[in-house]
Asks: 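Below: one structure in structure tokens.
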Amino acid sequence: MKYNHVEIENKWRKNWEDNPVNVDDGTKPKFYCLDMFPYPSATGLHVGHWRGYVLSDVLARYKMLQGFYVLHPMGWDAFGLPAENYAIKIGRHPKPTTDENVAAFKKQLQGISAVYDWSREVNTTDPGFYKWTQWIFLKMFEHGLAYEKEMPLNWCPSCKCVLANEEAASGQCERCQAVTTKKMQRQWMLRITNYADRLLEDIAKLDWPEKVKKMQADWIGKSYGAQLSFRVDGTDKQITVYTTRPDTLYGATFMTIAPESELVAQVTTEAQRAKVDEYVLTAGAKSAVDRQADRDKTGVFTGSCCVNPANGELMQIWVADYVLVDYGTGAIMGVPAHDQRDFEFASKFGLPIVNVIESEETKGKTSLIESYLGDGVFVNSPRWNGLDVAGAKEAAIAFAEEEGFGMRTVNYRLRDWVFSRQRYWGEPIPVIHCEHCGVVGVPENDLPVPLPDVEAYEPTDTGESPLAAIDEWVNVPCPKCGAPAKRETNTMPQWAGSSWYFLRYADPHNDEVLASKEALRKWLPVDYYVGGVEHAVLHLLYARFYTKFLYDIGAVEFEEPFKRLFNQGMILKNGAKMSKSEGNVVSPDGLIEKYGCDSLRMYELFVGPPEVDSEWDDSGIDGVYRFLNRLWKLVAEQWDKPAAPTAESEFLRNKMIYDITSRLDNLRLNTVVSGFMEYSNKLGELTRAQGGVDRKVFEDMITMLSPFAPHISEELWQRTGHAGSVFAGAWPTYDEAKLAQDSVEIALQINGKVRDTLDISVDNPKEDVLAQAREKLAAKLEGVSILKEVYVPGKIVNFVVKG
RNA sequence: GCCCGAAUGGCGGAAUUGGCAGACGCAAAGGACUUAAAAUCCUUCGGGGGCAACUCCGUGCCGGUUCGAGUCCGGCUUCGGGCACCA
């Protein structure tokens, strides 16, 4: 009767295959428990991947025992740059390498013994799937949300590819770390900014980690301010700026425009042209990294001035690269006294600095050494002198609106989404370019536009997609007029498939719609979404955007896809994230062989709080393996010595159920595992003390253990004479009345320091307890006077003494 | 620079609303069993002092509130994460 994990786990894997335990009988409520689907890399799964998958499976099985039918699917995010780069590296086509990686991942993933419904498996590279990825794009195109734009883009010279702002966030390619440059190119864009307000407002509805909600809000970056227009002196041209500080208008002493702005050419005088052109050229050549790292202000005077509408003063117009062309209007008013960047710029180029806010801090100072950003009383501002910042803001906006040179406005940091890639391994963008009709969407009936099978899939130096070279694919008749036309050769980014895949699981084989209304109504939205925090912004924001768009066109009936989100922490090895290049990858395969899936599942949770990064230590798994062995032995030895329930066994059982359940509900899964160890130790003690124990205690423990260690639980369930699966049962419940013990041990303190303990009956009156405590501490209380006696029922007695 | 989060033994961590700090494990040491090893079982395991009963110190640092602080408040330090010339 030894615990043989290999035999037991094989037996139950087979058994579950033949007799599924997660069955929809049509009466159960649904629970949609989703993992972020993986990109199937060639490296394979490591124990870090397992963490989230184990967590979601424990949750799924717990919900099953609570009477839910659980949708717990899995699929593959298989398009995209990493898959293509890997294929190029080993000199093979991405299609077969991706298929192989998927097969290997799937085999490995099955080692977890999760209750995945493989009949719903999806793969973003499957034409039956990307047909709908293309369909969504087509709908966005029809609704004006997808558009083409010639624009300077982040170009990675190493990947030979345009990157989204998000992929080149710090001026470096997210994938290869190469420094990116700017390149003008025609791109497809998605108007995610149209949804900025809704994406921001609905964050409040989400049961997500506060951190993630804040990151999304910051990314959208809504700010409140005003647009103000300044007339260019001697012309009737206007320069409009966006500012959050219209109140400082009297302190605006110069204007600055971004080098890339169209305004530059319009305001530059003949005399300054050569200088300005040179500056614009230099600034344009600077990479994002340089522009960030090199914070020394640079700029050049355009030769023109404009007029401050508040006081009629002339303001020089400068070009400077600290102004961003794609935020606000690409032009700012320079208020050196109350903006640190403007202060640095004005100081360097000798522009006037006019203080308009006086505070205790700045009062009496004749010259500033830095800008003042705080509140205070306005000065030098005839129309709103004496007001504070909030009041001055209102006054300034009212003034601007009255005089017609400005208005209240809001602004966002969120930019439209660069949606095209000049690469092979992605969904072809389903539009056709016709000389006569312009850009024409591929008719729905012709979807999917298949990704052609080609020999040469490497990216090109020209920045054109490899698809452009395939004449027989590119040249098609225009769907509208029939004239010769050309297909769009750009593909979609990897985000495209992952922005909606969770919908497809509801109805994965539907050929008519992306998922039927009935299926969506039944399953969506996702009740629990589990994945890494690295997707806190991009994937989750894109998926929310897609969902809102699909809601608007009536394809889905909910506006938020993921009700609840959980970010598991990373598993670290030697303090670093596991990666092939670091050489610190720990594979689950050998551990399953040696200790079994059950042990590994439990250790993944035991290693630390699930939301926190944890260092992996192979030797720790011995602890849970030993625990399972001890439990196995305990059941084997004690099951046949049943006893009637006693007060002790009932307390143990109810307390166990209460503890485990509340810890599980709060996702404190590391303490659930330690709880199992603790209670099985206690159960062992009680059994030996009583010479046997109520079988119900064992039964409840095995049932609660089953989501964590499903194989051994099934085996024990069967061996203790139960027909059918442990998962056919119900999660045990506790009796509140039995959680209270008759007697408790309380601590006795003197001046807050523990001096002794005392066993008391819980209903002992206060005076009685204090008397017992005084007696027990008699020796230590001798010769001192008791100033105060504190008794917290069931917890402590504290004597405050003097002397 | 701004915004979050964290800090507890040799290690991972526990302490659910302020109430016996170190649960549960790992590692280590000693012992039992064994020809031996592995496995298993038992014991010890924050630091100082003491033969001992016991006692003092101890949750990053300084201070405060409280009968009582890992937990609350104020001020720091260090580490991790996010954003970063966003006007």
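Each chain gets a letter, A, B and so on, in the order its sequence line appears, and its residues count up from 1.
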Asks: Counting just side-chain N and O atoms, does A:Lys788 come under 4.0 Å of either OP1 or OP2 of B:rC67?
Replies: yes
Asks: Are the side chains of A:Tyr322 and A:Asp342 in contact, using a 4.5 Å heavy-atom criterion?
Replies: yes
Asks: Using whole Å, report how far CG of A:Asn751 lies from P of B:rG68.
Replies: 8 Å
Asks: When rounded to the nearest Å, what value does the distance between C1' atoms of B:rU77 and B:rA87 take?
Replies: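 Result for the C1' pair: 34 Å, nearest Å.
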Asks: Between A:Phe349 and A:Trp318, does the ring centre distance come in under 6.0 Å?
Replies: yes
Asks: Select one nucleotide: of B:rA14, B:rU16, B:rA21, the one nearest the side-chain heavy atoms of A:Asp659.
Replies: B:rU16
Asks: Quick one: sort the A:Tyr3 and A:Trp632 rings into parallel, tilted or perpendicular, breaks at 30° and 60°.
Replies: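 Answer is tilted, since the angle falls between 30° and 60°.
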Asks: Between B:rA27 atom P and A:Asp618 atom CG, what is the distance in whole Å?
Replies: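 The answer, rounded to whole Å, is 12 Å.
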Asks: Measure from the ring center of A:His338 to the ring center of A:Phe343 and say whether it is less than 6.0 Å.
Replies: no
Asks: I want to verify a distance call: between B:rC67, B:rC20, B:rA87, whose nearest atom is closest to the A:Asn798 side chain?
Replies: B:rC67
Asks: Choosing from B:rU40, B:rC83, B:rA14, which nucleotide comes nearest the side chain of A:Arg668?
Replies: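 When the side chain of A:Arg668 is considered, B:rA14 is the closest of B:rU40, B:rC83, B:rA14.
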Asks: In whole angstrom, what separates A:Ile621's CD1 from B:rC26's P?
Replies: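 After rounding, the reported distance stands at 12 Å.
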Asks: Side-chain donor-acceptor contacts of residues 602-611 of chain A below 3.5 Å, not counting sequence neighbours, with atom names and distances?
Replies:
{"unit_1": "A:Tyr603", "atom_1": "OH", "unit_2": "A:Asp617", "atom_2": "O", "d": "2.8"}
{"unit_1": "A:Glu604", "atom_1": "OE1", "unit_2": "A:Arg51", "atom_2": "N", "d": "3.4"}

Asks: Looking only at side-chain atoms of A:Asn681, point me to the closest of B:rA87, B:rG19, B:rC24.
Replies: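 Nearest nucleotide to the side chain: B:rC24.
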Asks: Just to confirm, is there a sub-4.0 Å distance from OP1 or OP2 of B:rC24 to any side-chain nitrogen or oxygen of A:Arg630?
Replies: no
Asks: Under a 4.0 Å N-O cut-off, is there an ion pair linking A:Asp339 with A:Arg245?
Replies: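 Looking at A:Asp339 and A:Arg245, the cut-off is not met.
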Asks: Any side-chain N or O of A:Tyr327 less than 4.0 Å from the OP1 or OP2 oxygen of B:rA87?
Replies: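 So the side chain of A:Tyr327 is within the cut-off, an N or O lying under 4.0 Å from OP1 or OP2 of B:rA87.
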Asks: Round to a whole Å and report the spacing from CG of A:Leu787 to P of B:rG68.
Replies: 12 Å
Asks: Quick check on the 6.0 Å ring-centre criterion: do A:Phe399 and A:Phe405 meet it?
Replies: yes
Asks: Any stems for RNA chain B, made of 3 or more Watson-Crick or G-U pairs in a row, each with both distances under 3.5 Å?
Replies: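 If one scans RNA chain B for consecutive Watson-Crick or G-U pairs, the stems found are B:1-7 with B:77-83, B:10-12 with B:24-26, B:28-32 with B:40-44, B:46-49 with B:54-57, B:60-64 with B:72-76.
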Asks: Under the rule syn = chi within 90° of 0, otherwise anti, which is B:rG9?
Replies: syn
Asks: Whole Å only: how far is the CE atom of A:Met602 from the C1' atom of B:rC26?
Replies: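 Checked: the CE to C1' distance equals 16 Å.
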Asks: I want to verify a distance call: between B:rG82, B:rA27, B:rC67, whose nearest atom is closest to the A:Met215 side chain?
Replies: B:rG82
Asks: Would you measure the distance from the C1' atom in B:rG9 across to the matching atom in B:rC4 and give it in whole Å?
Replies: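 Comparing C1' positions in B:rG9 and B:rC4 gives a spacing of 29 Å.
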Asks: What nucleotide, of B:rC20, B:rG19, B:rU16, holds the atom closest to the side chain of A:Arg663?
Replies: B:rU16
Asks: Tell whether A:Glu745 reaches the base of B:rC20 with its side chain through a donor-acceptor pair below 3.5 angstrom.
Replies: yes
Asks: Report the nucleotide, chosen from B:rA27, B:rG25, B:rA87, that has the shortest atom-to-atom distance to any side-chain atom of A:Ser619.
Replies: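 Closest nucleotide among those given: B:rA27.
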Asks: What's the CG-P distance between A:Asp617 and B:rG10, to the nearest Å?
Replies: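 Rounded to the whole Å, the gap is 17 Å.
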Asks: Please give, in whole Å, the distance from B:rG10 C1' to A:Glu615 CD?
Replies: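 Going from A:Glu615 (CD) to B:rG10 (C1'), I get 15 Å.
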Asks: I want to check one thing: is the phosphate of B:rA87, taken as OP1 and OP2, less than 4.0 Å away from some side-chain N or O of A:Thr256?
Replies: no
Asks: Please tell me which of the listed nucleotides, B:rA84, B:rC26, B:rC20, lies nearest to the side chain of A:Ala747?
Replies: B:rC20
Asks: To the nearest Å, give me how far apart CG (A:Leu324) and P (B:rC83) are.
Replies: 16 Å
Asks: B:rG13, B:rC26, B:rA15: which one has an atom nearest the side-chain heavy atoms of A:Arg626?
Replies: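 For the A:Arg626 side chain, the nearest candidate turns out to be B:rC26.
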Asks: Does A:Lys214 contact B:rC3 through a side-chain donor or acceptor facing the base, at a distance under 3.5 Å?
Replies: no
